[in-house]
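Report on the structure given below.
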There are 2 protein chains.
Amino acid sequence: MSPHTTMTESRLESELAQRGVRMTRQRRAILATIESAERHLDAAQILRRASRVEASVNRVTVYRTIGLLKRHGLIDELDLMHVTGDAHFYERRPEHDHIHVTCLRCGQVIEFESEHLAQLRAEVEQQCGFRVDVARTEIGGYCGGCQAMPEATAATRATRANKKGAEDARACGDAAHIA
Amino acid sequence: MSPHTTMTESRLESELAQRGVRMTRQRRAILATIESAERHLDAAQILRRASRVEASVNRVTVYRTIGLLKRHGLIDELDLMHVTGDAHFYERRPEHDHIHVTCLRCGQVIEFESEHLAQLRAEVEQQCGFRVDVARTEIGGYCGGCQAMPEATAATRATRANKKGAEDARACGDAAHIA
DNA sequence: CTACAGATGCAACAGAGTTTCACCTTGCAG
DNA sequence: CTGCAAGGTGAAACTCTGTTGCATCTGTAG
């Protein structure tokens, strides 16, 4: 660990070091941001947070570092049903596959684990002859709180509403994570 | 059916009529294009093909019609792992859920059905308290043909190569569809 | 046939992500 | 410890996908 930073060496950082990838102040800030996030961040949010630690971080470097981590299979890319726009969200690749269930009205995201995921992946490898690299299941629907609202119907839902909303998601009364 | 067109009324068209949605020449051309496609098309490809039938179709109308169909749950949106760029692809919503398995090297797409999909959906509805509207599983990996090539490894794969390639995908020796 | 709600085309816009290139830094060799 | 080359960075310009505002046109109910 460098003497001029107070950041602990993150797991992503040591994974990259193992692979002989050069480490920089900017990358360290970006990796730490992704790892310490309490929810899924998009590139702009990663930039904003990483800048607070290391002011010199640039938009372009965030994209390049995300690309690096994706190529090494260390993070996964999510759409979260594009409820809040066209950006992609990122998370450290977890030990066990899980899916993301997003409320199309309030934007709440739930992570959910199931045995069916591993079974599905195995089926694909066997029956399609593919070597599976990345598997992503996303579900869009309406959470308990939003089902109660009359306007939460398929033909009238407000996809892409709240596009410019605050960084923090609106809660719906439920806990944000299951499993 | 209008007397001045040789197009048969498509299923999407009658679905929209049932819902009281106004039908136009442009929409008819777009619907027919989506329904007759032998593979998944993105907005630009839909525009190109629809223009051959109805020259007045505009980019914006394609996007608006896609939005209309999505809101009514008549088509599904796919990323196909963004192998060829950032565009989205569309397909008529099928009777049975299926997943899309995309080769990260050659771009081949296989559709695959599995019982695990319905089971997963049921689990989510029960355990998350969500009303599920749309479920999407996408898998990226390497097909049989591309696994044989030495450069098809995770850290060196050419994601986004062939971005400006011809409209028709490169085959890999395998059939394009299973299930 | 008429009126009008709603659809269209065009142009301008917006957001996400990429590329180019001159400059800077890391990590290794000596 | 120092020099140096490979590789990373920032800034600006760019590409691509998709959206919006507005004037005009058209499908459909009456």
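- Applying salt bridge (charged side-chain N to carboxylate O under 4.0 Å, His left out) to B:R92 and the options B:E13, B:E35, B:E77 leaves one that passes, B:E35.
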Please produce a list of atom pairs where a protein N or O lies less than 3.5 Å from an N or O of nucleotides 1-5 of chain C.
unit_1	atom_1	unit_2	atom_2	d
C:dA5	N3	B:R22	NH1	3.4
C:dA5	N3	B:R22	NH2	3.3

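- When rounded to the nearest whole Å, the span between CG of B:D86 and C1' of C:dA14 equals 15 Å.
- Among residues two or more places apart in sequence or in another chain, the ring pair (Phe, Tyr, Trp, His ring centres under 6.0 Å) test is passed with B:H100 by B:H40, B:H98.
- Across residues 58-66 of chain A, A:R59, A:V60, A:Y63, A:R64 each have a non-hydrogen atom less than 4.0 Å from an atom of DNA chain C (numbered order).
- OP1 or OP2 of D:dG10 sits under 4.0 Å from a side-chain N or O of A:Q26.
- With DNA chain D read from its 5' end, the first of the two nearest nucleotides for B:T24 and A:L68 is the one closest to A:L68.
- Spacing between atom CG of B:L47 and atom P of D:dC16 amounts to 15 Å, rounded to whole angstrom units.
- Which of D:dG27, C:dT8, C:dG27 sits closest to the side chain of B:R25 comes down to D:dG27.
- The nearest pair of heavy atoms linking B:D42 to B:F89 is N-CD2, 3.6 Å.
- Spacing between atom CZ of A:R27 and atom C1' of D:dG7 amounts to 8 Å, rounded to whole angstrom units.
- Taking the nucleotide of DNA chain D with the nearest heavy atom to each of B:A87 and B:M23, the more 5' of the two is matched to B:A87.
- The interatomic distance linking A:F89 (CZ) with C:dG15 (P) rounds to 15 Å, in whole Å.
- Counting to the nearest Å, the C1' atom of D:dT9 and the CZ atom of A:R28 are 15 Å from each other.
- The distance between atom CD1 of A:I46 and atom P of C:dA16, rounded to the nearest whole Å, is 13 Å.
- Between B:I30 and B:R27, the closest side-chain pair of non-hydrogen atoms is not below 4.5 Å.
- A salt bridge links B:R19 with B:E15; the closest basic N to acidic carboxylate O contact falls under 4.0 Å.
- Taking the six-membered ring where the residue is Trp, B:H88 and A:H82 present perpendicular rings, their angle passing 60° and hence far from 30°.
- At the phosphate of C:dG17, OP1 or OP2 sits under 4.0 Å from a side-chain N or O atom of A:H88.
- Here the P atom of nucleotide C:dA16 and the CD atom of A:Q45 are 10 Å apart, to the nearest Å.
- Across the protein-nucleic acid pair, B:L78 atom CG and D:dT17 atom C1' stand 16 Å apart, rounded to whole Å.
- Ion pairing of A:R136 with A:E91 is absent here, as no side-chain N (NZ or NE/NH1/NH2) approaches a carboxylate O to less than 4.0 Å.
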Checklist entry - Step by step, would you call A:T61 with A:T24 a side chain to side chain contact (heavy atoms under 4.5 Å, CB included)? => result CA-CA 11 Å; A:T61 300; A:T24 64; 6.0 Å; no
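- The side chain of B:Y90 lies closest to D:dG18 when the candidates are D:dG8, D:dG27, D:dG18.
- A:E54 and A:R28 are not joined by a salt bridge, as no carboxylate oxygen comes within less than 4.0 angstrom of a charged side-chain nitrogen.
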